[in-house]
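Letters A, B, ... are given to chains in the order of the sequence lines, protein chains preceding strands, and every chain is numbered from 1. Quick note: numbers below take in every heavy atom, side chains included, and nothing from hydrogens, waters or symmetry partners.
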2 protein chains.
Amino acid sequence: MFADLHTTTTKSQPILGFSPSETKITPSEFKYSKGTEIYGEAEPADYVYQVIDGAVRSYKLLSDGRRQIGAFHLAGDIFGLENDDVHRFTAEAIVDTTVRLVKRVSLEHVAQEDLIVAHSLLNMTTTNLQHAEDHMLLLGRKTSLERVAAFLLEMDRRLTAAGIMALPMCRRDIADYLGLTLETVSRVLSYLNDKKVLGFIGQNQRQIVLLNRGQLAELDL
Amino acid sequence: MFADLHTTTTKSQPILGFSPSETKITPSEFKYSKGTEIYGEAEPADYVYQVIDGAVRSYKLLSDGRRQIGAFHLAGDIFGLENDDVHRFTAEAIVDTTVRLVKRVSLEHVAQEDLIVAHSLLNMTTTNLQHAEDHMLLLGRKTSLERVAAFLLEMDRRLTAAGIMALPMCRRDIADYLGLTLETVSRVLSYLNDKKVLGFIGQNQRQIVLLNRGQLAELDL
DNA sequence: CGGTGGGTTGAGGTATTTCAAGGCTCGTGG
DNA sequence: CCACGAGCCTTGAAATACCTCAACCCACCG
């Protein structure tokens, strides 16, 4: 799978919030260029990943091409962690992305001996579960306006720097995350722009500044 | 919370697939009558539950009453397991239901010492996560027909006895699970009945026999 | 420069919801 | 024992939120 990739093994660095100095875990770094698949659904889950820089989308496909993005992974996020032997999503780099990765088996080895690590695996899985549970409510019961508002607040929380949110993903990605079409997402964003709830900066429409978080939050009850 | 309930403490019986004979875990049994709340969203998670007999729905509410059911818990299922201190769903008995319950702290105590138990907690959480991930795809991207088909196959797998599926939940519950209205669910079931994909038995429309699983499965790609 | 990959916007279509009526079953009380 | 109401389910007709199809614009890049 990684045969054609540069294997730039780096010095040991913390992953998962614990120092692996005395363990056998030696993370490596990889780079995936925009649009590249990191792993596919149902492929063996040999590695666990952490985003160093960039952004990743995890999604499932139906046979006719309909796509549901389950999560976006941004700088710092860990993804690809499966308790099972296979990945349940396809993961793709949204932009040029650097990841750190460790062998899953070595991680499990450590977890077998270290209760702290085992606990942190459970914690990560629970965090993922919690996100999925909230997302079920969004997908099952919220309007397009509420979905986009929730998305903006989530991204605001996760990647806003200096008041500006620079979205790495395109409208189609947002739509497939929210269970909408890209046109609907675009229309809602235009609507929120008209209402001065947000503003676009620059020319590519991916830099957004939230002008009225409170108004968005009211849509998120 | 349980002050008004009969505390029929029973002899120790296996929960979570391990025998607690040498641990301090002593499960008790409770009965909840139809429609009763077992715990509420954001309440402290003091107990973990297992359905002995009956059925339970776990759901989230929006402020205006829209409801999303995240899961149905049937005989044998464990629910209410939170890594956090609070429940993230409200749980209600769909029909008269008997549950076994154990104190969450005692379970965590055991997990602290026993790696097998710790691992089984992770496994359960992963199972829940997997279900939620599949359900996101259903809620975000499937048609009403595909949703009902998936629901029928899930229930067929989980509770069919002697070829007959006796649904404990009403149309509204199914609708709130599938992100539809009860009318749409009813229409799709009528449609599948007309097409001889399923048949209703008896008079209350809750006993269903699947006549053509293959045709349903084709809708589930 | 021409093409490609976003993004926006309009017009029309449709799957699902909403609103409404009616039927059936079952438990309860007169 | 039967009438009655409540709960649940179905079905029809109308409304609508969102999707589909299409045109157009703009930035970027070879």
Write down the distance between [atom1] ([X]) and [atom2] ([N]), rounded to a whole number of angstrom.
X: A/Leu139; N: D/dC18; atom1: CG; atom2: P; result: 13 Å
X: A/Arg141; N: D/dC18; atom1: CZ; atom2: P; result: 13 Å
X: B/Met169; N: D/dG7; atom1: CE; atom2: P; result: 20 Å
X: B/Arg206; N: D/dC8; atom1: CZ; atom2: C1'; result: 7 Å
X: A/Gln203; N: D/dC29; atom1: CD; atom2: P; result: 12 Å
X: A/Leu182; N: D/dT20; atom1: CG; atom2: P; result: 10 Å
X: A/Phe200; N: D/dC26; atom1: CZ; atom2: P; result: 16 Å

Are A/His87 and A/Glu82 close enough, and set up right, to give a side chain to side chain donor-acceptor pair (under 3.5 Å), and what steps lead you there? CA-CA 6 Å; A/His87 289 293; A/Glu82 315 286 352; 3.2 Å; yes

Based on the rotation axes of five pairs at each end, what angle does the helix from C/dC1-D/dG30 to C/dG30-D/dC1 bend through, to 10°? 20°

Please determine, for the side chain of A/Glu183, which listed nucleotide (D/dT20, D/dC18, D/dT10) has the closest atom? D/dT20

Identify whether any heavy atom of [X] sits under 4.0 Å from a base atom; if not, whether one sits that close to sugar-phosphate; answer base, sugar-phosphate or nothing.
X: B/Gly35; answer: nothing
X: A/Gly179; answer: sugar-phosphate
X: A/Ser144; answer: sugar-phosphate

Salt bridge flag under 4.0 Å for residues [X] and [Y]:
X: A/Asp85; Y: A/Arg104; value: yes
X: A/Glu43; Y: A/Arg88; value: no
X: B/Lys31; Y: B/Asp96; value: no
X: A/Arg141; Y: B/Asp176; value: yes
X: A/Glu146; Y: B/Arg66; value: yes

What are the 5'-most and 3'-most nucleotides of DNA chain C lying under 4.0 Å from any heavy atom of chain B? C/dT16 to C/dT25

Give a yes or no on whether the ring-centroid distance for A/Tyr49 and A/Tyr39 is below 6.0 angstrom. yes

Those residues of residues 187-196 of chain A lying under 4.0 Å from DNA chain C by at least one heavy atom: A/Arg187, A/Ser190

Quick one about A/Tyr177 and A/Glu154 (side-chain donor to acceptor, distance below 3.5 Å, no hydrogens or angles considered), yes or no? yes

Would the distance check show the side chain of B/Thr97 and the main-chain N or O of B/Ala55 forming a donor-acceptor pair, the cut-off being under 3.5 Å? yes

Please determine if B/Arg67 forms a cation-pi arrangement with B/Tyr59, meaning its NZ or CZ atom is less than 6.0 Å from the six-membered ring centre and no more than 45° off the ring axis. yes

Using the side-chain contact (heavy atoms from CB on, under 4.5 Å) rule, pick out the option among B/Thr125, B/Asp84, B/Leu81, B/Leu122 that qualifies with A/Thr126. B/Thr125

